[in-house]
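Given the structure is predicted, the values throughout are model-derived calculations rather than measurements.
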Amino acid sequence: MGNPVTALTVQLGERKLTLSGRKAYALDLLINAGFIGVTTLEIPAGLRWSHFIWLLRRDGFVIESPPKTHGGPFAGHHSRYVLKSPVTVLDIKRQHEAGRAAA
């Protein structure tokens, strides 16, 4: 988590949204994951992933989460979360930066 996103301003359709804290961090993970998406196994421990997905969906982001099954000694299912909303990043602030405009 070397230099996590702490605030993110994006264009979502006609809306300009500024997110902060872990919600911004979660959206940044989804944006960077692209069409591959993210599972809870691929994110740092401590992030209540389902809660932040719920918050982002409530803000209007379309996030798909088709269930995937897996085998092994602890067989079961999990979701791979994929951001489907087209999003333009306008500004990013990281823990160790004052902020920069997106290129």
Side-chain angles (χ1 to χ4, degrees):
M1 242 173 84
N3 194 16
V5 168
T6 58
L8 191 61
T9 301
V10 298
Q11 188 77 36
L12 176 64
E14 299 295 318
R15 297 170 52 211
K16 180 179 173 181
L17 298 168
T18 298
L19 308 173
S20 61
R22 291 183 182 220
K23 191 161 74 165
Y25 178 67
L27 180 59
D28 182 62
L29 288 175
L30 287 168
I31 290 169
N32 288 317
F35 68 90
I36 295 171
V38 179
T39 71
T40 55
L41 296 174
E42 300 165 341
I43 59 172
L47 187 63
R48 292 177 35 221
W49 193 245
S50 60
H51 175 70
F52 293 103
I53 294 297
W54 178 78
L55 289 173
L56 292 169
R57 285 176 172 158
R58 188 180 70 176
D59 285 343
F61 295 93
V62 176
I63 301 168
E64 289 185 354
S65 56
K68 306 286 183 185
T69 58
H70 59 270
F74 304 104
H77 66 277
H78 64 279
S79 291
R80 179 165 290 280
Y81 297 93
V82 181
L83 178 65
K84 292 297 188 174
S85 297
V87 173
T88 302
V89 176
L90 303 174
D91 189 56
I92 299 172
K93 290 185 176 58
R94 295 184 177 274
Q95 181 179 10
H96 301 295
E97 298 174 4
R100 65 172 176 82

Open item on the list: Return the CG to CZ distance between L30 and F61, rounded to the nearest 0.5 Å.
Closed with: 9.5 Å
Task: Exercise: identify the closest heavy-atom pair between G60 and S85 - done: O-OG, 4.0 Å
TODO: Using a 4.5 Å cut-off on heavy atoms from C-beta on, say whether the side chain of D28 contacts that of L19.
DONE: no
- [ ] Please round to the nearest 0.5 Å and tell me the distance separating atom CG of L56 and atom CD1 of I63.
- [x] 4.5 Å
Task: V82-Y25 co-clustered via ILVMFWY side chain contacts under 4.5 Å - done: no
- [ ] Look at the side chain of R15 and the backbone N and O of D59, then say whether any donor-acceptor pair between them is shorter than 3.5 Å.
- [x] yes
- [ ] Working to the nearest 0.5 Å, report the span between CZ of F52 and CZ of R58.
- [x] 11.5 Å
TODO: Answer yes if V62 and W54 sit in the same cluster of Ile, Leu, Val, Met, Phe, Trp and Tyr residues linked by side chain heavy atoms under 4.5 Å apart, and no otherwise.
DONE: no
Open item on the list: Test of understanding: with side-chain hydrogen bond (donor to acceptor under 3.5 Å, both in side chains), list the residues that count as partners of E64, not counting sequence neighbours.
Closed with: none
Task: S50: partners by side-chain hydrogen bond (donor to acceptor under 3.5 Å, both in side chains), with sequence neighbours left out - done: none
- [ ] Run through D91, I31, L90 and flag the one making a side-chain contact (heavy atoms from CB on, under 4.5 Å) with L8.
- [x] I31
Task: Closest contact, heavy atoms only, S79 versus S65 - done: OG-O, 3.6 Å
Open item on the list: Could you measure the distance from the CZ atom of R57 to the OH atom of Y81? Nearest 0.5 Å is fine.
Closed with: 6.5 Å
TODO: State, to 0.1 Å, how close I36 and R80 come at their nearest heavy-atom pair, and which atoms those are.
DONE: O-CD, 2.8 Å
Task: Check: N3 side chain, H96 main-chain N or O, donor-acceptor pair, under 3.5 Å - done: yes
Open item on the list: Which residues pass the side-chain hydrogen bond (donor to acceptor under 3.5 Å, both in side chains) test with T18, not counting sequence neighbours?
Closed with: T9
Open item on the list: To the nearest 0.5 Å, what is the distance between CG on L55 and CG on L27?
Closed with: 11.5 Å
